[in-house]
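Per chain, numbering begins at 1; letters A, B, ... match sequence-line order. Below, each value reflects all heavy atoms present in this structure, side chains not excepted, and no hydrogens, waters or symmetry copies. Predicted, not measured: the structure shown is a model, and the values here were computed from it.
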Protein chains: 2
Amino acid sequence: MKNRLKVLRAMRDWSQADLAEKLEVSRQSVNAIETGKYDPSLPLAFRIADLFGLPIEEIFERGE
Amino acid sequence: MKNRLKVLRAMRDWSQADLAEKLEVSRQSVNAIETGKYDPSLPLAFRIADLFGLPIEEIFERGE
DNA sequence: CGAGGATGTCAAGCGACATTGTCATTGTGA
DNA sequence: TCACAATGACAATGTCGCTTGACATCCTCG
């Protein structure tokens, strides 16, 4: 499951550590999600969506 | 994290077993999600949303 | 009454999510 | 050149999502 986290983060000039802090998860979790190691839990997906002000569907993509 | 699964399912007159089969998960998983024991994974949340033709945000609710 | 469908729940097990801690690599700036 | 931020990665650990299998309860229908 791909996502646009890296792009959305870059648009705001945030580091992975910055994003992790805003989401209240570890930097490693942000990195793992960005690099596709695993998908976030649904609650975390909601926090991400809320943070960027976008629906989940526009951040995470179905497929593969 | 609350959800409207039970209602959406009732509207279509599906049993938990029916829904489980359509989602390709176990009946116990459907039951656990409906009764709030845990939240579905993001991929499963997408499958649920697709099945009901609704955005994830309209099936699952932030809060508690 | 008795059979069967629907629901709720428990246990045991496995893999996925998330953690802390650590290390290597790359790039930028003083 | 040297320090440091940023990123990627690995190990060990703990919890959560999901499974199969089993059992109890409730309801309805013949």
Side-chain angles (χ1 to χ4, degrees):
Chain A
M1 171 156 280
K2 283 189 54 59
N3 66 72
R4 306 203 303 127
L5 229 58
K6 190 166 188 166
V7 175
L8 292 169
R9 185 170 59 79
M11 285 170 57
R12 287 159 179 79
D13 201 30
W14 291 343
S15 69
Q16 291 183 346
D18 291 335
L19 178 55
E21 188 181 0
K22 292 174 196 301
L23 294 173
E24 298 182 297
V25 294
S26 68
R27 179 184 70 83
Q28 285 86 339
S29 287
V30 168
N31 183 68
I33 292 168
E34 278 193 7
T35 57
K37 288 216 182 67
Y38 53 71
D39 300 317
S41 66
L42 187 56
L44 179 51
F46 266 102
R47 272 184 274 153
I48 293 170
D50 289 347
L51 181 61
F52 289 112
L54 292 170
I56 290 181
E57 279 82 354
E58 288 186 23
I59 301 179
F60 301 92
E61 300 166 10
R62 297 161 179 71
E64 77 215 66
Chain B
M1 170 156 280
K2 284 188 55 56
N3 65 74
R4 304 203 302 128
L5 229 59
K6 191 166 188 166
V7 176
L8 292 170
R9 185 170 60 79
M11 285 170 57
R12 287 160 180 78
D13 201 30
W14 291 343
S15 69
Q16 289 183 347
D18 291 336
L19 178 55
E21 189 181 0
K22 293 175 196 300
L23 294 173
E24 298 183 296
V25 295
S26 68
R27 180 184 69 83
Q28 286 86 339
S29 287
V30 168
N31 183 68
I33 292 167
E34 277 193 8
T35 57
K37 289 216 181 65
Y38 52 71
D39 300 317
S41 68
L42 188 55
L44 179 51
F46 266 103
R47 272 184 274 152
I48 293 170
D50 289 347
L51 181 61
F52 289 112
L54 292 169
I56 289 181
E57 279 82 355
E58 287 186 24
I59 301 179
F60 300 93
E61 299 166 10
R62 296 158 179 75
E64 74 216 74

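Residues B/Asn3 and B/Ile48 are not in side-chain contact: their nearest non-hydrogen atoms beyond the backbone lie 4.5 Å or more apart. For the pair B/Arg47/A/Arg62, no side-chain contact is recorded, criterion being any heavy-atom separation below 4.5 Å from C-beta on. The shortest side-chain heavy-atom distance between B/Arg27 and B/Glu21 does not fall under the 4.5 Å cut-off. Here the side chains of A/Phe52 and A/Leu19 are in contact, with some heavy-atom distance below 4.5 Å.
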Got a list of protein N/O to nucleotides 9-11 of chain C N/O distances below 3.5 Å?
residue	atom	partner	partner atom	Å
C/dT9	OP2	B/Lys37	NZ	3.3

Using atom names, set out every protein N or O paired with an N or O of nucleotides 26-30 of chain C below 3.5 Å, distance rounded to 0.1 Å.
none

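A/Ser26 comes within contact range of at least one nucleobase, with a heavy-atom separation under 4.0 Å. At the heavy-atom level, B/Ser41 lies under 4.0 Å from the strands shown only through sugar-phosphate atoms.
One N or O on the side chain of A/Thr35 and one on the backbone of A/Asn31 form a donor-acceptor pair closer than 3.5 Å. Checked by atom type and distance alone, the side chain of B/Asp39 never pairs as donor or acceptor with a backbone atom of A/Ser41 at under 3.5 Å.
Comparing the axis of the opening five pairs of the helix from C/dC1-D/dG30 to C/dA30-D/dT1 with that of the closing five pairs yields an angle of 30°, rounded to 10°.
Rounded to whole Å, the distance from CG on A/Leu5 to P on D/dT7 is 12 Å. Taking atom CG of A/Asp13 as the reference point, atom C1' of D/dA6 lies 12 Å away to the nearest angstrom. When rounded to the nearest whole Å, the span between CD1 of A/Ile48 and P of C/dC17 equals 12 Å. A/Glu34 places its CD atom 16 Å from the C1' atom of C/dA18, with the value rounded to the nearest Å. Rounded to whole Å, the distance from CD on A/Glu24 to C1' on C/dT20 is 17 Å. We find that CZ of A/Phe60 is positioned 12 Å from P of C/dC17, with the value rounded to whole Å.
Of the residues listed (A/Gln16, A/Arg4, A/Lys6), the one engaging A/Glu34 in a side chain to side chain donor-acceptor pair (under 3.5 Å) is A/Gln16, and it is the only one.
Distance CD1/B/Ile56 to CG/A/Leu42: 6.5 Å, rounded to 0.5 Å. Taken to the nearest 0.5 Å, the CG atom of A/Asp50 stands 8.0 Å off from the CD atom of B/Glu57. Rounding to the nearest 0.5 angstrom, the gap separating the CG atom in A/Leu8 from the CG atom in A/Leu51 is 9.5 Å.
Of the candidates C/dA6, C/dT19, D/dT20, the closest approach to any side-chain atom of A/Tyr38 belongs to C/dT19. For B/Ile33, the listed nucleotide lying nearest its side chain is D/dC18; candidates were D/dC18, D/dT7, C/dA18. Taking every side-chain heavy atom of A/Val25 into account, C/dT19 is the closest of C/dG8, D/dC18, C/dT19.
Of the residues near DNA chain D, A/Asp18 and A/Pro43, the one whose nearest nucleotide (by heavy atom distance) lies more toward the 5' end is A/Asp18.
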Go through the steps for A/Asp18 and A/Asp13 under the test side-chain contact (heavy atoms from CB on, under 4.5 Å), then give the verdict. CA-CA 9 Å; A/Asp18 291 335; A/Asp13 201 30; over 6 Å; no
